[in-house]
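Heads up, the thing below is written out as structure tokens.
Side-chain atoms are counted along with the backbone in the values below, which use heavy atoms only and exclude waters and symmetry mates. In this chain, residues are counted from 1 in sequence order. This structure is a prediction, so every number in the text was calculated from the model and none was measured.
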Amino acid sequence: MLSPDATNTHFVKEDAAMKPKFEKYIPFQPQPIRGRTWPDQVITKAPVWCSVDLRDGNQALVDPMNLAEKLEYFHTLVDIGVKEIEIGFPSASETEYEICRELIEGGHIPDDVTIQVLVQAREHLIKKTFEAIEGAKNVILHFYNSTSTLQRKVVFHMDCDGITKIATDAADLIYEMSQPMIESGMNLRFEYSPESFMGTEMDYAVEICQAVLDHLHATPDNKVILNLPTTVENCMPNQFADMLEYFCRKIPGRDSAIISLHPHNDRGTGVATTEMGLLAGADRVEATLFGNGERTGNVDMVTLAMNMYTQGVDPELDFSNINKIKEMFERCTKMPVGDRQPYVGKLVFTAFSGSHQDAINKGVQYMKSSGTEYWEIPYLPIDPADVGREYEPIIRINSQSGKGGAAYIMEHNFGFDLPKSMHPEFGHIVQVETDKVGKEISPERISELFHQEYIDVKEPYQLLRHAFRETVDGEGHSHVAFQGTLRHTDTVFEVSGEGNGPIDAFFNALHDLPEGHIEGYQFVDYKEHAISSGSDTQAVCYIHLKDPRGKDVFGVGKSHNINRASLRAILCAINRSLA
């Protein structure tokens, strides 16, 4: 635990072990509410999205973005479809001021995009902000002051009336200074944040927000954005939803306000807080790509949007090339996106577990065979192709993988559609290898194992040459005669056989070998398909036999000629059983 040092403001280490000092934390006091309705609501449409990447996200970086990086980031947000973008705090520094002027004077802002600028409720900062937005077409002026019980006590040493006066004085100045700009044609709107809303008594939050609405002359036709931030998460998402529903019920000017959320992620529940806040009546969300922001970050816009997408709701944002967006984000922010980050992380569409792999494989086969118009594959909440990840491996093989995973790799990476009955045998072969190496093995190594175990097996029996002769009787029945030469180590045999097809004729011909050679094998099943397209199409044949002891054994043959592929598969199965 850490305790304050009596001689300075630093913290010193008291004990390496965590002690039961939880009593020093004040538990959150839930807002009493009767007849809550939000649990019965459903999200059916996208909120108004506002990106705060260039403000909250940028201020949290070890190395803030330079002008070129901010411009690239801004254009990416525009391409995604974000229509409201907080570009910074232009009164805070010359750098912030310059990005605002470059966006306006450089013609970077499309006509359907609104820039948002942040400012504290302080007179000289507000005046500087109005200078910064001169000449812009669509602007949201976002001002704030902290209202929480804790900040009133330890930071401002003010009562509620004093805090409200800070907000209303700022609102009066902003309204006055905005009129000439509005008259000149600027679409200038207002946003107010009672910072630390979640730590504010709800009746006081209603009081101060209503006062701001009044001083900004808000009407149903000229709504003011009331941004209710979870500045530092201090309660469960359902408790926040209760607060928000209570607020929306109580505020007299609800029809003159757009209720906006600005969640952070200190408890790791920023996404849930936002989703429940939307159920409770919010209209708008301020978020960042991949959740970048102070401490544990702001709420993740990508996760929120894609969560809606998986429920059949259009998020009105385009993440169809999420890898490109990720690459831009990592380059401009110098922040890595985690391997388990929802929807974009390297491993989020990857299954190592054998049971998961089997279910995914069955889901893929079901969608092919059923022709369903819906996405119905277990363990994959969305089609990876929808975010541009169709060429990435979904199934990867390690010691935890099962029989279906290796078969999936062979089909989707190399075109071999193994019969289901063969999956356990080949899966075991792959698992022996993963146990031996003690780590993940690549698809290429799996293919090598397959070829070593099946395709490359040519001893002890090898077919040197052969010929078929087929006749068809008057009723359309086929009769095939086979003649060929087999080699067993150093001995060569001439064999012949007849049957109702090439496989039957060859299998019968094997009985023509001298006693002590191929005896007691029973034919069970076969499967064949093409494994390439165009003029170089090859056929692959899978043969399932039972050996003289009744054990299942499989063989695989590949050739440009389907008959030759089936003969090779039969000999492969026999050679493998003898080995």
Applying side chain to side chain contact (heavy atoms under 4.5 Å, CB included), run through V344 and V387 and close with a yes or a no. CA-CA 8 Å; V344 67; V387 288; over 6 Å; no
So, T296 side chain and D266 main chain: donor-acceptor pair closer than 3.5 Å or not? yes
CE-CG distance between M308 and D314, expressed to the nearest 0.5 angstrom: 10.5 Å
Given side chains that start at C-beta, do those of Q452 and L449 come closer than 4.5 Å, heavy atoms only? yes
When you compare the side chains of Y521 and S577, does any donor N or O come within less than 3.5 Å of an acceptor on the partner? yes
For F493 and H517, run ring-ring contact (aromatic ring centres under 6.0 Å, His included): C-alpha distance rounded to whole Å, both residues' side-chain angles, the deciding distance at 0.1 Å, then the answer. CA-CA 11 Å; F493 303 96; H517 283 273; 4.9 Å; yes
Would you call D283 and V48 a side-chain contact if the rule is heavy atoms closer than 4.5 Å? no
So that I can tick it off, tell me whether E411 and K368 are bridged by a salt bridge, with the cut-off set at under 4.0 angstrom between side-chain N and carboxylate O. yes
Within 6.0 Å of NZ in K527, more than 12 heavy atoms from elsewhere: yes
N238 side chain to W38 side chain, donor-acceptor N/O pair below 3.5 angstrom: no
In Å, rounded to the nearest 0.5 Å, how long is the span from OH of Y461 to CD1 of I518? 4.5 Å
E330 side chain to V337 backbone, donor-acceptor under 3.5 Å: yes
With a 4.0 Å cut-off on N to O distance, would you call E327 and K324 a salt bridge? no
For D56 and H262, which I'm curious about, is there any donor-acceptor pair between the side chains at under 3.5 Å? yes
Given 3.5 Å as the limit, does a donor-acceptor pair link the side chain of W49 with the main chain of E316, or not? no
Taking the side chain as every heavy atom from C-beta outward, state whether R36 and D242 have any pair of such atoms under 4.5 Å apart. yes
Per-pair distances, 0.1 Å, donor-acceptor, side chain in residues 476-484, under 3.5 Å, sequence neighbours excluded:
{"unit_1": "H477", "atom_1": "ND1", "unit_2": "D473", "atom_2": "OD2", "d": "3.4"}
{"unit_1": "S478", "atom_1": "OG", "unit_2": "E470", "atom_2": "OE2", "d": "2.7"}
{"unit_1": "H479", "atom_1": "NE2", "unit_2": "E498", "atom_2": "OE1", "d": "3.2"}

T269 vs M236 side-chain heavy atoms within contact, under 4.5 Å: no
Report, as yes or no, whether the 6.0 Å neighbourhood of atom CZ on R331 holds more than 12 heavy atoms from other residues, nucleotides or ligands. yes
Could you grab the distance from atom NZ of K334 to atom CE of M65, nearest 0.5 Å is fine? 8.5 Å
Sidechain-backbone polar pair: S447 side chain, P443 backbone, donor-acceptor under 3.5 Å: no
Side chains of V430 and M410: does their closest heavy-atom pair fall under 4.5 Å? no
For E286 versus P263, what's the shortest heavy-atom pair and its separation? O-CD, 3.8 Å
Roughly how far apart are Q31 CD and C235 SG, rounded to 0.5 Å? 11.0 Å
Minimum heavy-atom distance between G363 and P378, given as atom pair plus value: CA-CD, 4.0 Å
Any idea which heavy atoms bring L486 and L513 closest together, and the distance? CD1-CD1, 4.1 Å
Just list the side-chain donor-acceptor pairs under 3.5 Å for residues 75-82, sequence neighbours left out, or say none.
{"unit_1": "H75", "atom_1": "NE2", "unit_2": "H108", "atom_2": "ND1", "d": "3.0"}
{"unit_1": "T76", "atom_1": "OG1", "unit_2": "E72", "atom_2": "O", "d": "3.0"}

Sole candidate of T273, V299, L244, T230 that passes side-chain contact (heavy atoms from CB on, under 4.5 Å) when paired with L261: L244
Once you measure the plane-to-plane angle for F468 and H466, does it fall in the parallel (<30°), tilted (30-60°) or perpendicular (>60°) bin? perpendicular
Residues, nucleotides or ligands: over 12 heavy atoms within 6.0 Å of E376 CD: yes
Any P460 side-chain heavy atom under 4.5 Å of L578 side chain: yes
Roughly how far apart are I562 CD1 and E528 CD, rounded to 0.5 Å? 3.5 Å
Between R295 and E233, does at least one N-O distance fall below 4.0 Å, as a salt bridge requires? no
Derivation of the side chain to side chain contact (heavy atoms under 4.5 Å, CB included) call for I570 and I574: CA-CA 6 Å; I570 293 171; I574 293 170; 4.0 Å; yes
pair Y379-Q357: side-chain heavy atoms closer than 4.5 Å: no
Does any non-hydrogen side-chain atom of P27 lie less than 4.5 Å from one of Y25? no
Please report the closest heavy-atom contact between G293 and N298, naming both atoms and the distance. CA-OD1, 3.4 Å
Give me the atom names and distance for the closest heavy-atom approach of A509 to V495. O-CB, 3.7 Å
Dump the intermediate steps for side chain to side chain contact (heavy atoms under 4.5 Å, CB included) on F450 and V556, then the final yes or no. CA-CA 9 Å; F450 181 81; V556 181; 4.0 Å; yes
Measuring centre to centre across the rings, with the benzene-like ring taken for any Trp, is Y542 within less than 6.0 Å of H544? no
Is Q41 atom CD crowded by more than 12 heavy atoms from other residues, nucleotides or ligands, each under 6.0 Å away? yes
In Å, rounded to the nearest 0.5 Å, how long is the span from CD1 of I543 to CE of M422? 11.0 Å
So, the side chain of D339 versus the backbone of L347: is there a donor-acceptor pair under 3.5 Å, distance only? no
Within the side chain of R576, is there an N or O that forms a donor-acceptor pair under 3.5 Å with the backbone of E453? yes
If we count only N and O atoms by modelled type, under 3.5 Å, do the side chains of D318 and S320 hold a donor and an acceptor together? yes
Under a 3.5 Å distance rule, please check whether N508 uses its side chain to pair with a backbone N or O of D504 as donor and acceptor. yes
Shortest non-hydrogen contact from L289 toward D53: N-OD2, 2.8 Å
Could you go through the salt bridge (charged side-chain N to carboxylate O under 4.0 Å, His left out) check for K551 and E425 one step at a time? CA-CA 12 Å; K551 180 182 176 182; E425 181 182 274; over 6 Å; no
Y454 and K558: side chain to side chain contact (heavy atoms under 4.5 Å, CB included), yes or no, with the steps? CA-CA 10 Å; Y454 299 102; K558 186 176 71 167; over 6 Å; no
Regarding N307 and Y343, is there a side-chain donor-to-acceptor distance under 3.5 Å anywhere? yes
